[in-house]
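Take a look at the structure below.
All ligand and atom numbering here is 1-based and tracks the order in the structure.
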Amino acid sequence: MPTSEIHKFYKKGFKERLEIVKEFASLGEEDLATLQKFGAMDFETADRMNENVIGTQQLPLGIATNFLINGKDYLIPMSVEEPSIIAAASKIAGLARNTGGFKAEADKPIMIGQIQVLGVKDFEKAKKAILGKKRELLKKADEFDPVLLKYGGGVKDLEVRKVESKRGMMLVVHLLVNVSDAMGANAVNGMVETIAPEIALLAGGKHRLFIISNLAIYRKARAKVVLTPGLLEGSFSGKCRFVKGPEIVEKILDVYALAAADQFRATTHNKGIMNAIDAVAVATGQDWRALESGAHSFAAFGKNYGPLTKYSRDKEGNLVGEIELPIAVGLVGGAVKTSPVARVAMKIAGVKSAQELAMVMACAGLAENLGSLREIAVRGIRHGHMELHAKNIAVIAGAKGEEIDAVANQISREGNITVSRAKDVLEGIKKEK
Ligand code: NAD
């Protein structure tokens, strides 16, 4: 068996790395050719962004259309491999134009940095000592990042918390930092590292970790959309034909009620929201893991895990959809400026601040969620989703070139979008040829 223990892989050149991986995984010449197609990101850029690079993973970059947010038109770039996300979001955004589009807002970009202090004997005394030196501590933390100050950011406040743990009581300081147009992790990590020794000294303990928290409760984005029943009604292929608006509203409220009451459903409900938010994050070079952890943690913050969107019916019978979640994204830092596609995606998004990007992402999440709920409530997710997925199924079944569309169309028409049926159809097509 070949070993994965490779001495200084990171120091090897691109070709040498490829040779090693080729041997290890028995890759063919075609596989190597695929890895060497760098597309929009050359090897040098990719190698600067990460370690041990041997290629780039590519995803389709699509555009969600129709978005009208706070009166401004947006095309929203989304990089994701799953079909129907862009379609669902664009569909709802198109309907929402009839009622004025989305209304959105975002909090100031305040992130939390944590400092853990151990061995504190008297919490209240330690807290008083730290808060007594607050002004000096904030000033010292600010000195770490003069560039951030120049762009209107900087440390805003400091909180002291007591956390009971299996290893005893811990004093935890939260440093609240306005990170302006950055996501802020590196900036905040540097600041908490700078003041951790002094905090420990004031508290009469030892500092242990100092790092950003991804539960960005002070940096939430919110969006709202109102759709009349008439906008939601329509024809659905598959089980149902025409479904009237009030009935669709009723059905959406039914499925939403399950998400609000049941964690199994709420998890999938939120997955749908993050389908779109992550897709915008990947397209624009954001840290989508940070967004994911923040979103799901917020969904259970101070309560049972629940949905990140809320649906209700107003007095006129309209469906009202709302979303609220932390969205920590930046226009600078991370991969935003280094990834060439992210730079273009950011231009397409046309946002002028991190707050504006957060608002756009919240709207994308809400639109995708509502689009999915409309499908799920009426005919099940598989119909719309699988119709779009039919081409992938055709490829899995072995279809090539023109066969792909022919197979996909037939299995969609039959409503039997399975690999086994696709194989039969493909065989039939080949025999006819
Ligand atoms: P960064 O350090 O690359 O860039 C931010 C810096 O850019 C600021 O500190 C500031 O000095 C400067 N800057 C220039 N113009 C600015 C403007 N208009 N507004 C604000 N700052 C401006 O990036 P970051 O945003 O501090 O950190 C993000 C990166 O950290 C991401 O790549 C993320 O993956 C990574 N990271 C995340 C975590 C986490 O989420 N837990 C932990 C560690 C690292």
Side-chain angles (χ1 to χ4, degrees), residues 41 45-53 56-57 79 106-116 138-156 172-196 208-221 274 277-298 301 325-343 345-347 349-359 361:
M41 187 188 291
T45 307
D47 202 42
R48 265 199 307 276
M49 287 171 74
N50 206 343
E51 310 89 41
N52 295 355
V53 167
T56 53
Q57 176 65 278
S79 287
D107 295 334
K108 281 193 183 145
I110 306 282
M111 297 299 287
I112 299 169
Q114 294 195 298
I115 300 166
Q116 176 193 27
L138 301 195
K139 189 165 169 284
K140 189 164 182 194
D142 260 342
E143 282 163 11
F144 172 80
D145 199 337
V147 179
L148 186 60
L149 284 181
K150 199 175 111 196
Y151 285 100
V155 186
K156 293 296 158 211
V172 178
V173 166
H174 280 190
L175 193 67
L176 310 190
V177 185
N178 181 327
V179 293
S180 190
D181 282 326
M183 179 265 176
N186 291 326
V188 171
N189 290 347
M191 287 173 166
V192 283
E193 183 171 355
T194 304
I195 61 166
R208 186 66 77 227
L209 73 69
F210 32 80
I211 191 168
I212 195 162
S213 166
N214 290 109
L215 180 53
I217 52 161
Y218 299 118
R219 198 180 186 180
K220 297 194 290 283
M274 298 313 288
I277 293 181
D278 285 346
V280 185
V282 174
T284 56
Q286 308 297 327
D287 184 338
W288 73 93
R289 290 85 54 208
L291 289 165
E292 279 283 335
S293 64
H296 292 289
S297 176
F298 180 67
F301 184 56
L325 77 166
I327 299 190
V329 286
L331 302 191
V332 293
V336 178
K337 297 274 189 215
T338 37
S339 155
V341 174
R343 282 204 299 270
M346 206 63 104
K347 274 192 198 168
V351 290
K352 300 281 178 287
S353 68
Q355 277 169 288
E356 191 181 354
L357 179 58
M359 288 191 260
M361 290 167 90

Does any non-hydrogen side-chain atom of M49 lie less than 4.5 Å from one of M41? yes
Could you tell me which residues satisfy salt bridge (charged side-chain N to carboxylate O under 4.0 Å, His left out) with E356, sequence neighbours excluded, listed by chain and number? K72
Minimum-distance pair of heavy atoms, taken over all atoms of V177 and L148: CG1-CD2, 4.1 Å
Residues in salt bridge (charged side-chain N to carboxylate O under 4.0 Å, His left out) with K139, at least two apart? E143
Sub-4.0 Å heavy-atom environment of ligand 1, residues by chain: D145, V147, L148, Y151, V179, S180, D181, A182, M183, G184, A185, N186, A187, N189, I212, N214, D287, A290, V332, G333, G334
Could I get the full list of salt bridge (charged side-chain N to carboxylate O under 4.0 Å, His left out) partners for R343, not counting sequence neighbours? none
Check G113 against V188 and note the closest heavy-atom contact, atom names and distance. CA-CG1, 3.4 Å
